[in-house]
Structures are given as structure tokens and as C-alpha cells.
Amino acid sequence: MAELKTAAPLMEARNLTKIFNVSRGMLHAVDGVDFKIYPGQTLGVVGESGCGKSTLGNTILRLTEPTSGEMYFEGKEYSKVGKREMREMRKDMQMIFQDPYSSIDPRMCVADIIAEYMIINRTYKTKREIYAQVEKLMDTVGLAKRLAEAYPHELDGGRRQRIGVARALSLNPKFIVCDEPVSALDVSIQAQILNLLMDLQDEYKLTYMFITHNLSVVKQISSDIMVMYLGKCVERATSDELFANPRHPYTKALLSAIPVPDISMRNKEIHLIQGEVTSPINPKPGCRFAARCPMARPECSQESPPLREVSPNHFVACHLEE
Amino acid sequence: MSEVNHTPFLEVKDLRIIYKTDLETVYAVNGISFKLEKGQTLGLVGETGAGKTTTALSLLRLLPERTGKVVDGTITIEGQDLATMDDEALRQMRGGQIAMIFQDPMTSLNPVMTVADQIGESIMIHNPEFNKEQILGRVKEVLNLVGIAENRASDYPHQFSGGMKQRVVIAMALACNPHLIIADEPTTALDVTIQAQVISMMRNLRDTLGTAMIMITHDLGIVAQTCDNVAIMYAGELIEVGTAEDIFCAEKHHPYTVGLFGSIPNLNVKVDRLSPIPGLMPDPTNLPEGCPFAPRCNKCMPICEKQKPGVYQDGEHQIRCHLFTGAAKGGQ
């Protein structure tokens, strides 16, 4: 299955939409998002809490069903395939969850947690083969063998997240959604896990979707970055291009809001944006960011700006770019 | 002690705190000393379990009564020894002289009280002579200070967003014009754009009101943006102390500080690999005999495992590491 052409995207979404029907109305969590991820690349998805980035991650693995839109994996449309077939496909698409404290079963020991997916999918015939594989995986992610019998509560956050990584790798996936995999960890541990994820990507030619709110982390790991605001993709570009040349007012604000560990930057001008994220329930027409945008014009609150290519591979959804 | 005419606003000397249970003794804070002057901000930096919050709680004598014990050291606030204060004096001090901003605004507010009542509570306790109108007047004043419209005073916490709740918590802290604010990770629960708003607001308030502040955080970015002095804490010890310039610009650093900086992905340079600190923080119930950082340190020498390092001092910059003290140079 490895004879993929580099030109064909591994994962593609077209006009992907997820609307939750909640008591107060329609919650537009993901609203018409398009993206392509090529094999071996990492798409970073950034945005503030409530912008729909986790829903996006869940939707492309069909952990929540999309409301509309198309999703392709290796060229195959899978948004409507049956449960059984989806389960088969999910072997190639795995997820690393945000919180290593709540995403693993506290009553299972480390080896059993890592073995579980392989047992469910009957990857190997015998238990011995499975546990031999568990041992290999533990070695890959840097967990000592003596921890195989340990329970999650005996381990710290960094080690627990390594279990999550080993489990995601256990079915030899091609694509992994990493949903804030380091945000619950201390900085020194965060760097260890990020290095691990980057090493694994090189070794196994993995493709990642990396969801985070931490812009410095996303720059470190991503080849492309998508900035989301209230369910919409407002800007998408290569990582270098986005940081060098942000075009959307929200991206600019987001970038200038990062506190830089350098005191010479203490008096730098911050594009402080006023107000807070508005509700994604029954959103008003027009640009979702208009209410907080310092450069908003009358047309911004009337018509939603389409995502336009402003320079090669740099897409912005803003009326100012017309 | 030699300074006759000047006592610092807050002085902590050789503070040691343990948590003692039947099963084990956790050595949370192991002999830290620092000073804070009026109007200054001290950044207390460290990872989970370094003892930052324990230090903060001890400044208000809020350690859990049964387990937490200050075994040694003194805390002096405006010339008053904290250990000798009685309950009444403590009550006056908490929320009056010293106020605390807790980490998580979602849980530090009472969900069944209106915001005005919660802010008013401390005003009422510290100013018994105030009548209702005066209290409400002051509540509105502080809400204005933190940028919340007066007409939201009678709302309940759930009607506010995360950033607004944190503003309410800050308003509560400011209500009685404290001389010192202890902010325990005030922005960790917030999004970046909101974090930027809250930090710039706190900076403005400090500049206009002249309040001293202790900023507890693990984010060196926030420290760089807000603090005058920085103390880096590891396993209950202050391993490096200095002005912000010392910590961010000086040449000599504790290997842990170097490791912390190496662990942050840099926005300006993209490197292939980050350089994390290997290993984990030592178990606080069983600390190593010598330098607590020795097991993870890439510059570890034989002496580091046996003997606690002394302090290397250069002006206000202090580093607790054998690399810089005379003892090591002689031994090498």
C-alpha cells in the first residue's frame, strides 16, 4: 500500500460541516472547511477554545458524523461508508488524545492498554505475538520494559502520553490526529513528546493533523497551518509563510498575542483585539470575526468572505484582501 | 539585618515547608529566601510540583492545617512576622494587605452568588463601616478598573466567559487596595488573545496602583513581559534568582534554566529537534542528597551528587550550582 504518489493528498476534506442541534439553536462547530494533507506532512490546526478544532479532528475520523461535506482518504470518499468498513479504515487513521489522565483506562496495566487495539482488530493470531509487539512499541516510544505491568496512576503525565502514542501506533496507521497532545504537560516534558512525535514521523512516514492552541508548538511541528475562528478556516498557508506574512487580522492578533520569552520584546506593540469569541450558535451573517476586527468595514457584517488564494498556497478569508 | 533604615516590603528567609502524612513526608519547599519591594513584580517560575503554589499559600498562611507545616524560616510582611499573627490579624491581612488570584477562574468563583455580592464580601469584611451603597459603589469602581460594564454586577458567574470570569477574580483581589497581589498562574486557563488582554490589564493596574505582585507561572514568555525580578524554582529550591535582565540576558545560568529555555519551541528559529531536559523532577518524598537537579543535569560532576551547591553571586544574580562556586573550581 506504500506506492502512493506524492502528488495525491492522503487526506482531503471538501466543504466539511458539522452542525450540532442544541437547545438554543444550531451550533456551527465546523462550517465549510476544506483542506488537503499530503503524505508525510503535518497540518497544524490552531485556534482558540470553541473554534471547532477538536470537532474537526473528531469528524474526520468519524467519531462524530459530519452534517455535510466530503472526506477522502487515499482518494476514497468515506463520509458515508458503513460501520464495518469504517472500522477497517480506522486502522490507518488513529488519534492521540489531549488529556493523558482521562484518555486511558485506569484499571488496565500499560501492556494491556497498548495491546487492546491489536486484540480488537485481531492483528496477530496469538497473544504472544501481540505482547511481543507491545514490547517493541514501548521501546519505540521510550517506555521502560519494567513499566509493562504498571497502572496509569503510577505514571506521570509525560509517560502516560507516551502510552497514548504507543497505542495510536499499534495498528501501523498512516495518519494520526493529535488533539492537543502536549498541552497538559510541563514544558520540559512537552519538548520530549514533541521530539518523539517528530522522530516517529520521520521513521514511519506518518502524516499528522496537529490540533493545538499553542502557536509556538504548531510552528515547530507543522508544514502547513490552518487558522480557525468559530468553525471557519480564516487563513491557511505553509508554516513559514504564515508566520512571516500573516494576512488575516485574526492571525495577526493571534501571533502578536504570544508572550515572547525575550525582554527586549517587552515594549513591542501588541495588536490587542477587544472582546471575546462570540457564540457559534446561530451565527450572524458576514465574517465571524467582524465584531472583534479592528479593520472591519460595513460589508464585513453582511457577507461572509470566501477563502481566496492570495499568493501561491496562501489562502485568506477576508474582505480586505479583495 | 545590617540595613537599619530599610526593611523590604516582603521578606522570606530560609523557608522550609513539609507535608506530613502517616505514610510519607513531602519536602515541598526547602530553604528559599527572597525579597520583594513595593511596586515590583517577582516572577516565580517552575514546573508542576516545584513548590510554587505551596510558597504562595504559605505567604497567606493558607497551608492545609493538618498536613502542611512550616518547619523553618520566617516570612515578614511590612515588618510584621507572619508566624506570630493571631487569627484576627490574619483575617485582616488576607484580602486586605495581600490578595490572591487563583489559577482557575471557573472554580474559584461561587456559582450561586452574584458577582457584585462576591466582590462586595471582602469589601464588607475589611470595611465594616461601609453601608450598602458605599460597598456597591466600590464594587462598580473595581469592575470598571478591570473593564467590565457596571450593569453586569448583578450577573452570576456562569453568565460570564472565561476571560471575563478571570477579570472578576482580579476585581475581587483588587477590591480592598491590597499592597501585594499573588497571582497563581492567572492566565493558564485562558486563550492567547484573552491572555494578552488580561496581562496588559494587570500591567496597567500595577503601574497605576503601585501594587507589588508575585506572578507564579511556568511560562517564561509571561515572565519576560511582566516581571522585574525572577526566581526559578526546582524541587523546592530557588536555583536561580535575579533581575529579568539577569535571567534573560546574562551569560551564566543554572543548567536547569538553560534546559527550560531549550524546551520552548522558538518562534524565530525552526530547529529539527528541541532540546528537552531528560528525565523527571525528583520525588519530593525522597530528594537526592546533593543538588536536586544532579540526576537530570548534563553538566553533573561528582561533587554535585554529594554536596548541596552554594550560591554564586554576581550583583543581584544568584545561581545555586557547583559550576560557578569556588568549591567546584578547587575540586576540578
Side-chain angles (χ1 to χ4, degrees), chain A residues 46-51 155-159 182-196 198-199 202 213-222 239-240 243 250 253-268 270-279 292, chain B residues 45-50 147 160-164 187-197 199-201 203 217-227 230 243-245 247-249 256 259-281 296:
Chain A
V46 265
E48 296 179 273
S49 42
C51 73
L155 308 177
D156 60 278
R159 290 217 178 91
V182 295
S183 53
L185 307 173
D186 272 320
V187 269
S188 72
I189 312 297
Q190 208 173 56
Q192 292 174 8
I193 300 290
L194 284 177
N195 275 348
L196 173 69
M198 290 189 280
D199 291 346
D202 286 346
H213 66 272
N214 187 331
L215 286 145
S216 17
V217 167
V218 93
K219 174 158 193 206
Q220 180 67 34
I221 200 160
S222 309
S239 173
D240 296 335
F243 277 86
Y250 178 64
L254 210 53
L255 291 183
S256 80
I258 313 172
V260 189
D262 180 351
I263 46 172
S264 60
M265 307 285 274
R266 190 175 279 194
N267 296 318
K268 74 164 178 174
I270 300 179
H271 299 261
L272 215 55
I273 45 173
Q274 296 303 313
E276 311 210 350
V277 179
T278 44
S279 163
R292 295 173 78 188
Chain B
V45 188
E47 296 179 86
T48 318
F160 290 87
S161 64
M164 295 290 260
T187 57
T188 343
L190 307 175
D191 281 318
V192 260
T193 58
I194 311 298
Q195 169 175 293
Q197 291 174 6
I199 285 185
S200 92
M201 183 193 83
R203 238 180 356 194
T217 177
H218 60 262
D219 188 333
L220 285 163
I222 294 177
V223 172
Q225 305 308 314
T226 54
C227 298
V230 185
T243 60
E245 284 76 17
I247 303 293
F248 288 92
C249 307
Y256 176 65
L260 267 187
F261 276 99
S263 299
I264 321 171
N266 192 319
L267 282 174
N268 302 322
V269 214
K270 190 170 176 177
V271 288
D272 286 340
R273 284 180 66 87
L274 299 166
S275 36
I277 311 166
L280 301 167
M281 196 166 321
R296 298 173 78 182

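Just so you know, these numbers come straight off a predicted model, no measurement behind them. Worth knowing before you read on, the calculation uses all heavy atoms, side chains too, and leaves out hydrogens, waters and symmetry mates. So that the names make sense, note that chain A is the first sequence line, chain B the second, and so on, each numbered from 1.
- Taking CD1 of A/I189 as the start and CG of B/L280 as the end, the distance is 5.0 Å to the nearest 0.5 Å.
- At a 4.5 Å heavy-atom cutoff, A/N214 makes no contact with chain B through either its backbone or its side chain.
- Side-chain atoms of A/D186 and B/M281, non-hydrogen and from C-beta on, never get closer than 4.5 Å to each other.
- Both the backbone and the side chain of B/E245 come within contact range of chain A, each with at least one heavy atom under 4.5 Å from a heavy atom of that chain.
- Both the backbone and the side chain of B/I277 come within contact range of chain A, each with at least one heavy atom under 4.5 Å from a heavy atom of that chain.
- Considering only heavy-atom pairs separated by less than 4.5 Å from chain A, the leading option among B/T193, B/V192, B/T226 is B/T193.
- In terms of heavy-atom pairs under 4.5 Å with chain A, the best-connected choice from B/G49, B/G162, B/C227, B/S275 is B/C227.
- Rounded to the nearest 0.5 angstrom, B/Q195 CD and A/H213 NE2 are separated by 8.5 Å.
- Interface residue B/I264: only side-chain heavy atoms are found under 4.5 Å from chain A.
- Here the closest heavy-atom approach between residue B/I222 and residue A/P259 is recorded as N-CB, 3.6 Å.
- Contact between A/V260 and B/A224 at its shortest, heavy atoms only, is O-CB, 3.5 Å.
- Minimum heavy-atom separation, A/V187 to B/E47: N-OE1, 4.0 Å.
- For the set B/G262, B/S161, B/P276, the count of heavy-atom pairs under 4.5 angstrom toward chain A peaks at B/P276.
- Only the side chain of A/D156 comes within contact range of chain B, with heavy atoms under 4.5 Å apart.
- Side-chain atoms of A/N195 come within 3.5 Å of backbone atoms of B/L274 as a donor-acceptor pair (strictly under, hydrogens ignored).
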